[in-house]
2 protein chains.
Amino acid sequence: MFKALADPTRRLLLDTLRERGGRTLGELEEVVVEHTPMTRFGVSKHLRLLEEANLVVTLRSGREKLHHLNPVPIQQVHDRWIDKYTERRLTALTTLKSQLEEKP
Amino acid sequence: MFKALADPTRRLLLDTLRERGGRTLGELEEVVVEHTPMTRFGVSKHLRLLEEANLVVTLRSGREKLHHLNPVPIQQVHDRWIDKYTERRLTALTTLKSQLEEKP
DNA sequence: TTGACATGTGACCAAATGGTCACCTAACCT
DNA sequence: AGGTTAGGTGACCATTTGGTCACATGTCAA
């Protein structure tokens with residue numbers, strides 16, 4: 001799941017699907033090719049990884065395969081390392097760092 | 001930044017630093033070695049990646065280097081793909097998928 | 001049924017990544 | 001000064017990953 005997020009092409013696919021879901025492989029290939037040179041097969045492989053990571057949900061309709069973004073795993077990543085008090089602690093740390101290091 | 005999250009050892013380091021910050025390389029090495037066989041050098045490399053990804057902030061104190069978790073980039077990942085209406089849309093999609101595919 | 005269209009699979013190659021080691025610098029403590 | 005401790009660097013190797021291609025499957029439409 002984390003590895004699925006680690007590739008720029010896959011993040012582009014997620015961005016595209018966030019904008020509008022229900023796209024076919026062909027449509028997604030067009031979008032990717034605008035940004036980087038890649039064949040249909042490459043896009044297909046990336047989509048399979050995103051599916052396995054449960055970041056993309058698919059729905060077959062005849063010979064077409066419609067892809068949709070699944071935001072739940074990303075929410076889980078967020079919840080793993082963020083709590084509502086963390087941001088305040090970070091601010092305190094930054095201040096401390098400045099105080100301790102700005103004297104050469 | 002995304003690649004930094006793609007490795008289990010680095011996620012373990014983030015988890016450890018979330019629990020308590022201000023740890024030295026030596027402390028972190030101990031924690032990692034409990035879970036997986038790795039030398040100090042391996043841990044050091046992973047920490048460097050986390051620093052470059054801005055997921056870990058360091059603070060030198062004498063010959064020690066204290067590591068802290070920086071949650072801001074993770075917050076940004078969350079904000080990139082999640083909006084407050086997305087969750088509801090996902091529920092609708094799941095229902096649709098069931099309706100359309102559960103007839104063989 | 002015949003052909004065109006949308007997608008999937010397995011083999012294969014080049015490049016990036018994870019990990020270790022030998023060696024090095026710098027700080028603390030008698 | 002000398003020894004010990006904390007950490008860093010560059011070379012190197014094994015494995016994984018990104019990408020393509022030849023080929024195969026299944027679906028629509030005439």
Side-chain angles (χ1 to χ4, degrees), chain A residues 1-17 20-53 55-68 97 100-101 103-104, chain B residues 1-17 20-53 55-68 97 100-101 103-104:
Chain A
M1 137 83 197
F2 294 93
K3 288 192 179 178
L5 286 174
D7 181 272
T9 302
R10 290 196 287 270
R11 290 198 297 275
L12 171 60
L13 286 169
L14 292 178
D15 288 338
T16 307
L17 289 176
R20 178 170 63 77
R23 306 207 192 215
T24 67
L25 168 61
E27 287 181 85
L28 292 169
E29 181 197 357
E30 285 180 26
V31 175
V32 170
V33 167
E34 282 177 14
H35 292 76
T36 176
M38 191 182 306
T39 65
R40 177 176 61 84
F41 308 99
V43 179
S44 176
K45 270 203 174 183
H46 285 300
L47 283 173
R48 199 161 63 79
L49 287 182
L50 288 171
E51 261 187 87
E52 287 171 0
L55 285 163
V56 163
V57 180
T58 63
L59 170 63
R60 298 213 69 109
S61 168
R63 62 181 165 180
E64 293 183 334
K65 186 174 183 179
L66 306 177
H67 301 75
H68 296 263
K97 180 183 170 76
L100 292 180
E101 291 198 333
K103 357 176 170 174
Chain B
M1 139 79 196
F2 294 93
K3 288 191 180 180
L5 285 175
D7 182 89
T9 302
R10 291 197 286 270
R11 290 198 296 275
L12 171 61
L13 287 169
L14 292 178
D15 288 338
T16 307
L17 289 176
R20 181 170 61 76
R23 306 208 191 214
T24 68
L25 168 61
E27 286 181 85
L28 292 169
E29 181 198 356
E30 284 180 26
V31 174
V32 171
V33 167
E34 283 177 14
H35 291 77
T36 175
M38 190 182 305
T39 65
R40 176 176 61 85
F41 309 99
V43 179
S44 176
K45 271 203 171 181
H46 285 300
L47 283 173
R48 199 161 62 80
L49 286 184
L50 288 170
E51 261 188 88
E52 288 171 0
L55 284 163
V56 163
V57 181
T58 63
L59 170 63
R60 299 210 69 108
S61 167
R63 63 179 164 180
E64 292 184 335
K65 186 174 185 180
L66 306 177
H67 300 75
H68 296 264
K97 182 183 169 76
L100 292 181
E101 291 198 331
K103 357 177 167 172

Check the distance between dA24(D)'s P and F41(A)'s CZ and give it to me in whole angstrom. 13 Å
Whole angstrom is fine here: how far is it from CZ in R48(B) over to P in dG8(D)? 9 Å
Considering only heavy side-chain atoms of S44(B), the closest of dA11(C), dT20(C), dG8(D) is dG8(D)
Taking all non-hydrogen atoms of both residues into account, name the closest pair between A4(B) and L49(B) and its distance. CB-O, 4.4 Å
Output the rounded distance in Å from NZ (K45(A)) to C1' (dA11(C)). 9 Å
Interatomic distance where CG belongs to L25(B) and P belongs to dT9(D) [whole Å]: 12 Å
Would you say K3(B) reaches dA16(C)'s phosphate, i.e. side-chain N/O to OP1/OP2 under 4.0 Å? no
Would you kindly give the CZ-to-P distance between F2(B) and dT17(D), to the nearest whole Å? 19 Å
Protein-nucleotide distance (R63(A), atom CZ; dT25(D), atom C1'), rounded to Å: 13 Å
Mind calculating the distance between CZ (R40(B)) and C1' (dT5(D)) to the nearest angstrom? 10 Å
Reckon G42(A) touches a base, only the sugar-phosphate, or nothing at all at heavy-atom distances under 4.0 Å? base
Do the side-chain N or O atoms of H46(B) get closer than 4.0 angstrom to the phosphate oxygens (OP1, OP2) of dG19(C)? yes
Kindly determine whether T24(A) and K65(A) satisfy side-chain contact (heavy atoms from CB on, under 4.5 Å), including the steps that lead there. CA-CA 5 Å; T24(A) 67; K65(A) 186 174 183 179; over 6 Å; no
Is there a side-chain polar atom (N or O) of T39(A) under 4.0 Å from OP1 or OP2 of dT20(D)? yes
Would you mind telling me which residue lines up with the more 5' stretch of DNA chain C, E64(A) or M38(B), judged by nearest nucleotide? E64(A)
I want to check something: taking the side chain as every heavy atom from C-beta on, are R11(A) and H46(A) in contact at a cut-off of under 4.5 Å? no
So, applying side chain to side chain contact (heavy atoms under 4.5 Å, CB included) with L13(B), which one of V56(B), D7(B), L28(B) is it? L28(B)
Heavy atoms of V43(A) and E29(A) approach each other most closely as CG2-CA, 4.1 Å
What is the distance, rounded to the nearest whole Å, between atom CD of E52(A) and atom P of dG18(D)? 12 Å
